[in-house]
Amino acid sequence: MLDKTFTPKDAEPRLYAAWEDSGHFKPKDDPDAETYSIVIPPPNVTGSLHIGHALNNTLQDVLIRYHRMQGKAVLWQPGTDHAGIATQMVVERQLAAEGNISRRDMGRDAFVERVWEWKEKSGGTILNQLRRLGASCDWSRERFTMDEGLSKAVIKVFVELHQQGLIYRDKRLVNWDPHFQTAISDLEVENREIDGHYWRFRYPLADGSTYRFPIAHDEDGNPTEWEERDYIVVATTRPETMLGDTAVAVHPDDARYAGFVGKSVRLPIADVEIPIIADEHADPETGSGAVKITPAHDFNDFMVGERHNLPRVNLFDRQASLLTEDDGMGGLDRIPPELRGMDRFEARKTIVAMMDDLGLLDGIDDKKVMQPFGDRSGVVVEPYMTDQWFVKADVLARDALAAVEDGRTTFHPKSWEKTYFEWMRNIQPWCISRQLWWGHRIPAWYGPSIVLLENRGDHHLIELDYNEPIPFVAQTFEEARKVAFRHYEKTDGIPNVIKSSGEHIYDGSFDLVADRQAAMSDDTLEIALWQDEDVLDTWFSSALWPFSTLGWPEETEELKRFYPTSVLVTAFDIIFFWVARMMMQGLHFMEEVPFPDIYIHALVRDEHGAKMSKSKGNVIDPLELIDEYGADAVRFTLAALAAQGRDIRMSKDRVEGYRNFGTKLWNAARFCQMNDCRPHPDFDPKTVKATVNRWILSEAEAAAKAVSAGLDTYRFNEAAGAAYRFVWNVFCDWHLEFAKPLLSGKDEAAKAETRATTAYVLDIAMKLLHPFMPFVTEELWSQTAGEGGRDTQLIVADWPRLDGLVDAGAQAEMNWLVDLTTDIRRLRSESNIPAGAKLNAVIVGASAETKARLDRNGDLLKRLARLDAVTLGDTIPDGSLQTVIGEATIALPLEGVIDTGAEKDRLAKEIAKVEGEIARLDKKLGNERFVANAPAEVVEGERAKRADYAAQKDKLSEALARLG
RNA sequence: GGGCGAUUAGCUCAGCGGGAGAGCACUGCCUUCACACGGCAGGGGUCGCUGGUUCAAUCCCAGCAUCGCCCACCA
């Protein structure tokens with residue numbers, strides 16, 4: 001005998017272990033089976049399960065379990081992401097907390113080793129938490145983005161893209177995170193509006209000349225007042241960069257400055273002359289119309305600088321403090337000695353004060369400004385000149401764009417395609433190098449460039465220039481060495497060279513060594529080859545996930561079977577980071593989209609609709625919910641709320657409600673058990689005779705089809721809702737009640753049929769719910785087994801594919817009985833008849849069909865509506881409660897018991913309601929254009945409704961009249 | 001500045017051209033032999049506002065208002 005309730009805490013670990021032991025998480029071996037695969041969006045190895053993961057993985061598990069039950073070979077590929085910055089951060093913090101030496105003191109190798117240790121020890125947390133949720137991943141295939149195999153894929157992809165000219169190295173402005181001292185991509189920058197200022201500076205004209213500048217205008221914009229100026233006013237939100245200005249730009253059409261283009265201003269403090277140039281970037285409407293140009297510290301200015309060939313003067317070191325050493329870009333000379341080494345924000349204050357002292361501060365305006373922050377570090381990001389590796393994302397985007405345009409891949413809901421298109425069409429070069437230690441080290445080795453100093457005919461005087469190194473990209477050092485050899489051999493003068501600083505002549509022999517300190521020995525010219533210090537953006541490896549996890553570049557069996565995957569399930573916040581990049585890499589390297597469907601689900605938000613985050617402290621912990629209500633309840637809640645295109649606001653009440661639903665199912669099974677409803681191996685649903693049984697089979701078929709349809713179209717909420725309504729509102733509320741008299745009756749044949757049917761339908765209910773509530777259903781499955789036990793665990797049981805069980809006659813009859821029962825109960829309740837009181841019912845004006853139905857279901861009606869007797873009559877007894885079902889009037893004689901006044905009120909209210917409906921329909925049917933234009937069946941339907949209401953009204957009026 | 005979405009019962013949300021729905025909360029009755037994590041019955045909404053299309057609009061279109069999100073180089 002089942003307990004009264006299910007105990008998730010005890011059952012979940014046991015059931016999960018049983019599934020895993022049975023091997024059902026692995027794709028089945030049948031080579032003929034249709035395949036179905038999903039790669040998990042790999043959580044950060046540092047992560048712990050938050051509610052967003054819970055939603056994401058619940059939906060995936062629902063799909064996986066659904067398709068597994070359909071007999072497919074199903075692979076849910078799990079794994080984690082190495083999460084460069086995040087992980088490095090965690091370990092560094094740990095080092096600091098333990099009072100250990102810092103990353104830099106440890107050195108690269110020791111630090112990386114330390115991170116691996118951490119990963120082995122603590123990296124599996126989130127995957128274990130997924131197990132608690134019930135995720136049926138194939139854990140034997142667990143992957144990590146820095147696994148040997150995946151790393152091989154990453155390196156191969158980098159090298160091939162480089163060979164194809166799609167990866168290149170460039171010195172340009174990048175988003176620089178001064179905290180982590182690394183470049184980050186555009187996507188990792190979070191723009192936030194803050195209260196800032198515009199500082200207006202006066203840059204004196206270099207030649208000391210003056211001009212009249214309009215300072216007031218009339219309504220038409222014509223100047224009315226002027227002042228004499230010997231300076232140009234520029235504004236900035238970042239005064240600390242002014243020392244790097246290399247021009248002042250004005251608009252070519254700006255009359256106010258027309259005479260100044262080509263002249264110069266003297267840049268204060270730095271004390272250098274910089275030109276006034278004409279460029280459309282300057283907006284005459286904004287500020288003074290003149291704008292300072294700082295090519296090394298501003299993205300716009302960088303472009304202006306390119307157009308006008310302006311020098312790029314960098315001011316900052318890697319921590320965004322003013323330079324203390326010469327970087328070869330001329331910035332140091334512009335920085336007064338007392339400012340060198342000063343932090344950027346300190347420098348800002350100091351420079352403003354200095355300008356003020358010089359009488360060159362024109363004013364300060366308060367203004368809201370958008371400021372870029374590093375999404376991980378939270379510090380202000382600086383545009384910074386560095387050498388970095390970039391992907392030509394625009395080229396790769398073409399195919400990825402086309403694949404969605406032509407429908408090879410479809411977003412669900414489709415509206416996200418617009419977002420995808422928008423970004424893909426405006427895609428920028430992707431900066432993929434990171435100045436970190438934890439990640440895939442870039443497979444590029446540098447050698448010095450050769451500077452030919454002198455051609456001496458049979459030999460040359462050269463110099464090795466280590467400041468302008470040449471990158472050699474290859475999968476291994478040995479490969480890079482070969483490439484480098486070819487390069488240097490081709491370079492004029494490598495054979496027969498003279499070392500620049502010496503007089504030794506080398507006779508064509510040189511060697512390449514992996515040592516940056518390499519130089520020359522007496523008989524061999526040694527050229528150093530050293531590997532790039534940087535690692536790749538974490539998303540570079542994530543982009544390969546759908547094929548790298550399946551073994552690529554090896555042509556594995558899994559790759560053949562499971563690529564392309566069936567669907568990607570993810571939240572919209574990583575469409576750009578991840579989805580778009582998987583599309584690009586998948587198409588480029590596999591020449592096939594990584595997935596035909598992309599299901600974008602909502603973000604789980606807090607009660608105010610804000611994104612949940614640790615820093616806001618508004619996080620709902622799914623593990624706590626699981627502890628309290630069980631995994632099934634949490635899963636069902638998430639699925640039921642996963643309507644397309646909306647945010648989900650989690651509430652505990654909801655979880656509790658669905659926990660109760662699990663209990664309801666549990667007790668229905670308990671009832672079946674108590675009544676010997678056991679699955680019968682020979683049961684054929686097509687042969688059942690009792691109306692009740694034919695009816696519940698009809699309903700079961702409809703429910704199974706609704707659940708399947710919902711899951712086939714990623715409408716998880718509809719699928720969950722259909723299952724919920726079927727189990728609670730149909731099977732429990734009505735079928736079990738209908739079945740009770742049969743189960744306790746004397747007709748053994750009917751009893752046996754009802755037992756078998758009820759058990760059969762309970763099995764269907766468990767199957768339909770299994771993808772959503774795997775634990776409680778699996779537990780019940782094992783505990784409700786018939787004589788022969790179960791052939792399989794529920795996890796691999798056949799998904800219900802019911803057909804041909806719909807019986808319209810049975811449905812009509814049982815719906816009639818439901819209506820009749822409900823109506824009588826309502827009469828009782830509204831007239832305050834004690835629940836225990838048994839009444840008689842007299843049916844007046846019954847048709848032959850109604851009589852037959854009463855004949856068949858009279859006992860059932862008596863039980864459900866708590867009646868003593870149901871009889872047919874010609875007249876309505878005095879003092880009856882009355883209601884109308886179809887053509888018949890139901891009377892509950894209560895002479896002397898009922899409150900006539902109250903009953904009159906009740907009837908009058910009901911009549912008014914019916915009259916309202918009739919009036920509405922009359923208006924509609926009286927409209928000629930409705931009758932003429934609406935489809936015939938709609939018009940017919942409305943007419944029929946009106947007739948029903950009219951008949952009902954007549955009977956109710958009659959009843960009222962009889963009360964006097 | 002551009003784009004997307006939301007506005008439906010007290011709360012959280014479904015529905016989306018032809019009679020307004022769910023969960024929770026609320027009211028009344030019921031410890032009826034599966035279930036009080038329950039049963040039965042009920043109350044509660046002019047579906048943000050204004051126009052338009054249509055025989056018919058909560059649903060389609062336009063505008064407005066409010067809220068939210070994403071993207072963007074305005075100094």
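Note that the coordinates shown come from a computational prediction; the quantities given were computed from them, not determined experimentally. Proteins come first, then strands; the chains are lettered A, B, ... in the order of their sequence lines, and each starts at number 1.
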Opposite nucleotide pairing with [N], Watson-Crick or G-U, both atom distances under 3.5 Å:
N: B:C29; answer: B:G39
N: B:G1; answer: B:C71
N: B:A62; answer: B:U50
N: B:G10; answer: B:C24
N: B:C16; answer: none

Beyond-backbone contact of A:Asp195 with A:Val369, side-chain heavy atoms, under 4.5 angstrom: no

With side chains defined as the heavy atoms from C-beta onward, is the minimum distance between A:Glu942 and A:Phe930 less than 4.5 Å?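 Yes, at least one pair of side-chain atoms sits under 4.5 Å.
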
Under 3.5 Å, is there an N or O donor on one side and an acceptor on the other linking the side chain of A:Arg654 and the base of B:C24? no

Can you find a donor-acceptor pair, distance only, under 3.5 Å between A:Lys664 side chain and B:C35 base? yes

Determine: side-chain N/O of [X] to OP1/OP2 of [N], distance under 4.0 Å, yes or no.
X: A:Trp734; N: B:G39; value: no
X: A:Tyr198; N: B:A75; value: yes
X: A:Lys740; N: B:U32; value: no
X: A:Asn933; N: B:C55; value: yes
X: A:Asn660; N: B:G38; value: yes

So which of A:Trp728, A:Tyr724, A:Phe772 actually passes ring-ring contact (aromatic ring centres under 6.0 Å, His included) with A:Tyr658? A:Tyr724

Result of checking A:Trp666, A:Phe636, A:Phe726, A:Phe6 against A:Phe661 for ring-ring contact (aromatic ring centres under 6.0 Å, His included): A:Phe636

Considering every strand and a 4.0 Å limit on heavy-atom distances, what is the contact class for [X]: base, sugar-phosphate, or nothing?
X: A:Ala282; answer: base
X: A:Ala932; answer: nothing
X: A:Arg866; answer: base
X: A:Asn927; answer: sugar-phosphate
X: A:Thr637; answer: nothing
X: A:Arg659; answer: base
X: A:Thr419; answer: nothing
X: A:Cys672; answer: nothing
X: A:Met303; answer: nothing

Among [options], which nucleotide has an atom closest to any side-chain atom of [X]?
X: A:Arg825; options: B:A75, B:A41, B:C35; answer: B:A41
X: A:Phe930; options: B:C55, B:A34, B:A75; answer: B:C55
X: A:Asn667; options: B:G19, B:C71, B:C35; answer: B:C35
X: A:Lys924; options: B:U32, B:G18, B:A75; answer: B:G18
X: A:Asp733; options: B:G39, B:A75, B:A41; answer: B:G39
X: A:Glu917; options: B:A36, B:U32, B:G19; answer: B:G19
X: A:Tyr724; options: B:G18, B:A41, B:G23; answer: B:G23
X: A:Trp728; options: B:A75, B:G39, B:A34; answer: B:G39
X: A:Pro935; options: B:A34, B:C55, B:A75; answer: B:C55
X: A:Ser415; options: B:G39, B:A41, B:G5; answer: B:G5

What is the distance, rounded to the nearest whole Å, between atom [atom1] of [X] and atom [atom2] of [N]?
X: A:Arg929; N: B:U53; atom1: CZ; atom2: C1'; result: 13 Å
X: A:Leu925; N: B:G18; atom1: CG; atom2: C1'; result: 12 Å
X: A:Glu737; N: B:A41; atom1: CD; atom2: P; result: 11 Å
X: A:Glu193; N: B:C71; atom1: CD; atom2: P; result: 15 Å
X: A:Leu641; N: B:G15; atom1: CG; atom2: P; result: 12 Å
X: A:Leu867; N: B:U32; atom1: CG; atom2: P; result: 19 Å
X: A:Glu417; N: B:C4; atom1: CD; atom2: P; result: 14 Å
X: A:Glu942; N: B:A56; atom1: CD; atom2: P; result: 14 Å

For [N] and [M], measure between their [atom1] atoms and round to the nearest Å.
N: B:G23; M: B:A56; atom1: C1'; value: 32 Å
N: B:G48; M: B:U7; atom1: P; value: 8 Å
N: B:U27; M: B:A65; atom1: P; value: 41 Å
N: B:G15; M: B:C70; atom1: C1'; value: 27 Å
N: B:C13; M: B:C47; atom1: C1'; value: 13 Å
N: B:G39; M: B:C35; atom1: P; value: 12 Å
N: B:U32; M: B:C40; atom1: C1'; value: 11 Å
N: B:A14; M: B:G45; atom1: C1'; value: 15 Å

Do A:Asp365 and A:Lys367 meet the salt-bridge criterion of a basic N to acidic O distance under 4.0 Å?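 Judged by the 4.0 Å cut-off on N to carboxylate O distance, A:Lys367 and A:Asp365 do not form a salt bridge.
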
Rounded to the nearest 0.5 Å, what separation is found between the [atom1] atom of [X] and the [atom2] atom of [Y]?
X: A:Ile575; Y: A:Glu417; atom1: CD1; atom2: CD; answer: 10.0 Å
X: A:Thr821; Y: A:Arg825; atom1: OG1; atom2: CZ; answer: 6.0 Å
X: A:Leu892; Y: A:Asp823; atom1: CG; atom2: CG; answer: 10.0 Å

Nearest-nucleotide wise, let me know which of A:Asn191 and A:Val938 is further upstream toward the 5' end of RNA chain B.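 Result of the comparison: A:Val938.
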
5'-most contact on RNA chain B: A:Lys418 or A:Arg920, nearest heavy atom basis?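 By nearest-heavy-atom nucleotide position, the 5'-most residue is A:Lys418.
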
Can you give me the closest heavy-atom contact between A:Ile194 and A:Gln371, atom names plus distance?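 Between these two residues, the closest heavy atoms are CD1-OE1, 3.2 Å.
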
Does the plane of the ring in A:His735 sit parallel, tilted or perpendicular to the ring in A:Phe731? Use 30° and 60° as the thresholds.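 Parallel.
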
